[in-house]
Structures are given as structure tokens and as C-alpha cells.
There are 2 protein chains.
Amino acid sequence: MNASPASARNDRGAVVAAAMSVLAENGLPGLSMRRIADELEVQVSALYWHFPNKQALLAAVSEQVVALGEDTSDAAADLAAIATSLRERLLAHRDGAELVSSSLALGLLELPSRTRLESTALAEGLDAASAAIAADTLVHYVIGSTFHEQQRTHASVVGAADASADLTPARVADSADEFAAGLAMVVAGIRSAAGSRAAR
Amino acid sequence: MNASPASARNDRGAVVAAAMSVLAENGLPGLSMRRIADELEVQVSALYWHFPNKQALLAAVSEQVVALGEDTSDAAADLAAIATSLRERLLAHRDGAELVSSSLALGLLELPSRTRLESTALAEGLDAASAAIAADTLVHYVIGSTFHEQQRTHASVVGAADASADLTPARVADSADEFAAGLAMVVAGIRSAAGSRAAR
DNA sequence: ACCTGAACACCGTTCAAGT
DNA sequence: ACCTGAACACCGTTCAAGT
């Protein structure tokens, strides 16, 4: 419909896509404005037409990382399932947990999973205040453990992490089990908060 | 005892102390090798005689932050008390949670509180594997929520954080209550893991 | 044992100017 | 509407050399 001018320029989406590819190749420490600009074959200053600063750009990338897929079918309203799928989306991107953690802390990112966790907690019988706290607690657990896990694997690539680098293949394999075990404890604690009300 | 030469030079401790004062004044983003060197009235390159790189220096600072005080008297062997005192030490230093989080993730820091949490969990009847997971879960909760809290106060200073900057004085005051409420849930979950064993 | 001085290869951000 | 080119004020790290 729009008469597209001879040479198409970049839009926000293209910048975010370029940033995601730089992130995948170089990790968060290597995600510089200059490298993103190189990826787009553009001057660094061009990026500042699309985003006011680097943090805003990172927030847009974070949004992509934590976006829920199709909300339609399997909206599995289960605390553990929601937390586990958040973990999986963070693990799907290099340094995903650290990236999301900082956008979140700066107040630049809404976490769809958090909303789902809160309403699920409400449905399980928590009062409003407790449901909010339960959602935050789960989010902190997921981001904290995933951040730690991603940094540990990165450290082992670098070869750092002296004594405590217990990264035998077997141990890597069951990091998911450790996550699930800790998650089960947190969920049990949340359920006990529901039980202490005069539910059912 | 030692014949101290005319002009005393710096040692590791002096470098760490300078770093802590720069951290207090400028926060983690402002904690650069150059500023630390300025504080000591020394060239930047001098710092590399004491520490191989910046991360190692930050790890030494982190160690100071999380060090337990006198281990003698009130070694209150209570999960919530240990977690709360860890939170307080992190809050006592600007950007303390973020600093410790990264040193920890890089495997450059031992967390004394974690050891205490693990043995306390054991004493409460958890098996070895569960006690380790319980300790990690608590550490993730404490660091995650404290990190978030410290970033939020910093964001409010900067004036960023648009809509969700719910930082009324009252709300700041009860962030400790929110922490305690989430902590209670996690601890309850850990206790339920102890109960599921054939304890007592 | 501890530091200087200078260099290298980077950063994020701004701004006038172009098309 | 989107980009260039150049500049500003920074970074962490290395290394030969000094005392």
C-alpha cells in the first residue's frame, strides 16, 4: 500500500532483531551499540533515532525473550508450569536471565508470567496481598537460579571458576532437576499460605 | 616490628578499602579502576599489581560485604534469621546485591550464609540433597529480592521507572515486610520437605 | 615490592548536517 | 523519516621501565 522508497531503511524491529543476533553470538558483555550498528551496516548514532539509549533497547530485547507464545491452548494454570516455562524462555537466549533481570529491576519491563502467576495464586485461595508476594517470590526464584546457571555454564566455557566448577556432564544434565526440587519447595510454601486461610 | 620504609605503599587491603569508598559514593556503575586509582592517588596500572583483573577485585569487595560478624554469640540457627541478616548486609552497601550476585555467579565468592543455611536445614531434618537445594533456594530468594529492591530505589533517584514507581514513603517502609512475607513462604515450603521424611 | 607513563582497543552518547 | 561523520568523555588491560 505505502509507496516503499527505493532503499528500505531500518525500523525498531530490525534493530531489536540485530541486537538479538549480536547477543546470541557475543553474549551480554559483547552486546554493544557499535556491534549492533555493524550488524545493520549503519553508524552507531543511527540507533539513537530508534531508541533513546541502550537500556531502552535492551528492554525491547527483553520483551521478546519473555513474551508468551500462543496464549490460546495450553494456558496451564499451574504455578510450577508457569515458572518452568519462564525458565525455559530465559535459557533459550544467551545471558537471558541477566538481561531480563536488569530490565525488570529498572522498571522497564512487564513480565507476563508474573501476571499469570499472581492470578493463579489467587485462584488457589491466596488473598490479594499474598498472591502478589507469591508471584514475586516465584519470579525471584526463577530468575535467580537461571541467572546462576547461565553464568556457571559461561564460566566453564571461559575456563575460570577454579575449585567449585563441578560441571561433569551428569551434573549439567540434572540442573533441571535441582530447579524443579527448589521450585517444589517454594510452591509448597505458597500452598501452605493458602491453607492458612479459611479456604474451602 | 618490620622496618617500615619511609613512604608506606598500598597493599590489597588498601585497594579494597578504596574500592568500597568509591562504591559508596558512585555505585557499581561508577566503580571503575580509574576512580579507585584516583582514590589511592596512584596510576591505574598500579592496581594490577594487587589484583589480576577487575572481577577479582570486585570479588574481594564482595567478600567484605557478606562476611559474618562475630560468629561467637548469637549464631541464631534459624533459617529466616540467617536469610534476614544476609539481606541486611547486602542492603548496607550500595548495589550490594548486584555486586555479590555477579561474584557468586562467576564462582569467585564463597557465601558463609549459605553454609549456615545448609547445616541449619540439615538440623531441621532435611536429607543432604534437599538441604543443599533449600540453601540455594533461600540464597536466590534473598539476592533476587534485595537486588530488585536496591535497583528500585536507585531508579527512583534517577527519576526513571515511569508508571510502576510506587515509591510512596509508606511503601518503602514496608519493603521489609514484603521480604519477610515471601521468606515465610519459602521457609514453610522447606519445612514441608522436612516433614515428608520420617522425621520424629 | 610496588609504582609510573604511555599505549591499545574499546565503550555510550550527542549533535550538526545530510537526503 | 532515517542516517552520516565527527567529536567528547570515558572504559579495562598490557607492558616496559623505574625505585
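Throughout, protein chains are lettered first and strands after them, A, B, ... in sequence-line order, and every chain is numbered starting at 1. On a predicted model such as this, the values are computed, not experimentally measured, just so you know.
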Where is the tightest heavy-atom contact between A:Met185 and B:Ser130, given as atom of each residue plus distance? CE-O, 3.5 Å

C1' spacing across the pair C:dC8 / D:dC10, given as an integer number of angstrom: 15 Å

Is there a side-chain contact between A:His148 and B:Val139 in this structure, where contact means two heavy atoms from C-beta onward sitting under 4.5 Å apart? no

Heavy-atom side-chain contact between B:Asp38 and B:Arg34 under 4.5 Å: no

Whole angstrom is fine here: how far is it from OH in B:Tyr48 over to P in C:dC2? 18 Å

Determine the contact category for B:Asp11: base if any of its heavy atoms lies under 4.0 Å from a base atom, sugar-phosphate if only primed atoms, P, OP1 or OP2 are that close, otherwise nothing. nothing

Compare all side-chain heavy atoms of A:Leu138 with those of A:Leu183 and state whether any distance is below 4.5 angstrom. yes

DNA chain D in dot-bracket, Watson-Crick or G-U pairs under 3.5 Å, [ ] crossing, | other strand? ||.|||||...|||||.||

D:dG5 C1' sits how many Å from A:Met33 CE, rounded? 17 Å

Residue met sooner reading DNA chain D from 5', once A:Leu47 and A:Arg34 are mapped to nucleotides: A:Leu47

How long is the span from the CG atom in B:Asn10 to the NE2 atom in B:His50, to the nearest 0.5 Å? 5.5 Å

Residue pair A:Ser192 / B:Arg191, side-chain donor-acceptor N/O under 3.5 Å: no

Could you tell me how far apart B:Asn53 (CG) and D:dC11 (P) are, to the nearest whole angstrom? 17 Å

D:dC3, OP1 or OP2 - any side-chain N/O from A:Asn10 closer than 4.0 Å? yes

Nearest whole Å is fine: how far is C:dC3 C1' from B:Arg9 CZ? 5 Å

Within this structure, what is the OG-CD distance for the pair B:Ser62 and B:Glu98, rounded to the nearest 0.5 Å? 11.0 Å

May I ask you to verify if any side-chain N or O of B:His50 is less than 4.0 angstrom from the OP1 or OP2 atom of C:dA1? no

Check the distance between D:dC3's P and A:Ile36's CD1 and give it to me in whole angstrom. 14 Å

In whole angstroms, the gap separating P of D:dA1 from CH2 of A:Trp49 amounts to 6 Å

Distance check needed: D:dC2 P versus A:Gln43 CD, whole Å only. 17 Å

Counting any heavy atom closer than 4.0 Å, what does A:Ser45 reach on the DNA or RNA strands: base, sugar-phosphate only, or nothing? base

